[in-house]
Amino acid sequence: MMKDKVIFLFCLLSSLSYSQSFFEKDAVIEKSLSERWELDDEHKNGTFKLTFYKPIYVLPVRWSSDPNELPQSGNPDNSFDEAQNYDNIEAKFQLSLKTKLIQSFLFGHGDLWLGFTQLANWQVYNDPVSRPFRELNYEPELIVNFPMKIDIFGVDLRMMGFGFNHQSNGRDLPRSRSWNRLMFHAAFEKDNFQMYLRPWIRIESPDTDDNPEISDFIGRMEANLIYNIDKHGFNLIGKSSLDLDEHRGSLELNYFYSAKSNLRLHFQAFTGYGETLIDFNHNQTTLGVGISFIEW
């Protein structure tokens, strides 16, 4: 039954991708960095208005090459003793929003943003274990952002800043995973191309550590590359431990096809460590298919 449902969902999404009646000629909505982060005066929208942050998507089918059935941690209290009966096919979705708390502070140039992202992995086809949410990740963050206009070899540096990031799964032992980071960022833009660079410093917990050595697996820096052309969009996210002796990290490729203005077909491929917090030291390759929404 589970395979039948997965095949049905895949066929439905595939048929939509070839349906001329569904894919009519709608305008593709693309956002510049200034529009996304209200950098220029004409794009200022004041405070406490909810806007799009990271991609919002639903992947009804997400396949893993190696489901993490026995999550482990350097802290014995956070390690599983018995393997879990997880399917290698599940559903995955992400919700992400931001709002500006303070506009034009710090000499009239900086903005303070509040962001929130929730990522969910749902064993919706796993009836023998009552279809649980395998993992829920919560990621609130405070971001101080400064608009820039600096030409660097033909590419515009459009913003820089820093922030505080907390990420956790809100679970009890042994599932509990969390960490805090001081984040830095710089964003560049050229025509339809955008790039975010985000190095960070982990803020060590003075008490217990749910996931020692998490920086050696998930990484210490992220590069996010975005490119849009016609109805196609590409988003490549790379994370690196910055360790030359034993390099770890991950790559995630997202491909979008604009269907009906604000609706896109979404294909996602991931390989490496830390797709979710519970998997911070688990290496796997995953493939997902579904829909996402163009930012407003």
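Side-chain atoms of E139 and Y53 include no donor-acceptor pair closer than 3.5 Å. Counted by atom type alone, T271 and T285 present one or more donor-acceptor pairs between their side chains at under 3.5 Å. For the residue pair Q103 / D111, no side-chain donor-acceptor distance below 3.5 Å is found, with atom types taken as modelled.
The aromatic rings of W122 and F133 lie parallel to each other, their planes meeting at an angle below 30°, with 60° marking the opposite boundary.
Here the CG atom belonging to D210 is positioned 12.5 Å from the CZ atom belonging to R171, to the nearest 0.5 angstrom.
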Pairs under 3.5 angstrom only: tabulate donor-acceptor contacts from the side chains of residues 143-152 to other protein residues two or more places apart or in another chain.
unit_1: N145; atom_1: OD1; unit_2: H185; atom_2: NE2; d: 2.8
unit_1: D151; atom_1: OD1; unit_2: G154; atom_2: N; d: 2.9

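When atom types are taken as modelled, the side chain of S79 and the backbone of S73 share a donor-acceptor pair closer than 3.5 angstrom. Within the 3.5 Å criterion, the main-chain N or O of R181 finds no donor-acceptor partner in the side chain of N165. A donor-acceptor pair under 3.5 Å is absent between the side-chain atoms of E38 and the main chain of R36, judged by distance alone. At least one donor-acceptor pair closer than 3.5 Å links the side chain of Q194 to the backbone N or O of K31.
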Stepwise side-chain hydrogen bond (donor to acceptor under 3.5 Å, both in side chains) test for S178 and H166 | CA-CA 8 Å; S178 66; H166 170 76; 5.7 Å; no

Hey, mind stepping through E135 and N137 against side-chain hydrogen bond (donor to acceptor under 3.5 Å, both in side chains) and telling me if it holds?
-> CA-CA 7 Å; E135 178 76 342; N137 287 173; 2.8 Å; yes

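When each of D279, N283, T276, N281 is paired with N68, the side chain to side chain donor-acceptor pair (under 3.5 Å) condition holds for D279 and for no other.
Between R248 and E213 there is no salt bridge, since none of the side-chain N atoms of the basic residue sits less than 4.0 Å from a carboxylate O of the acidic one.
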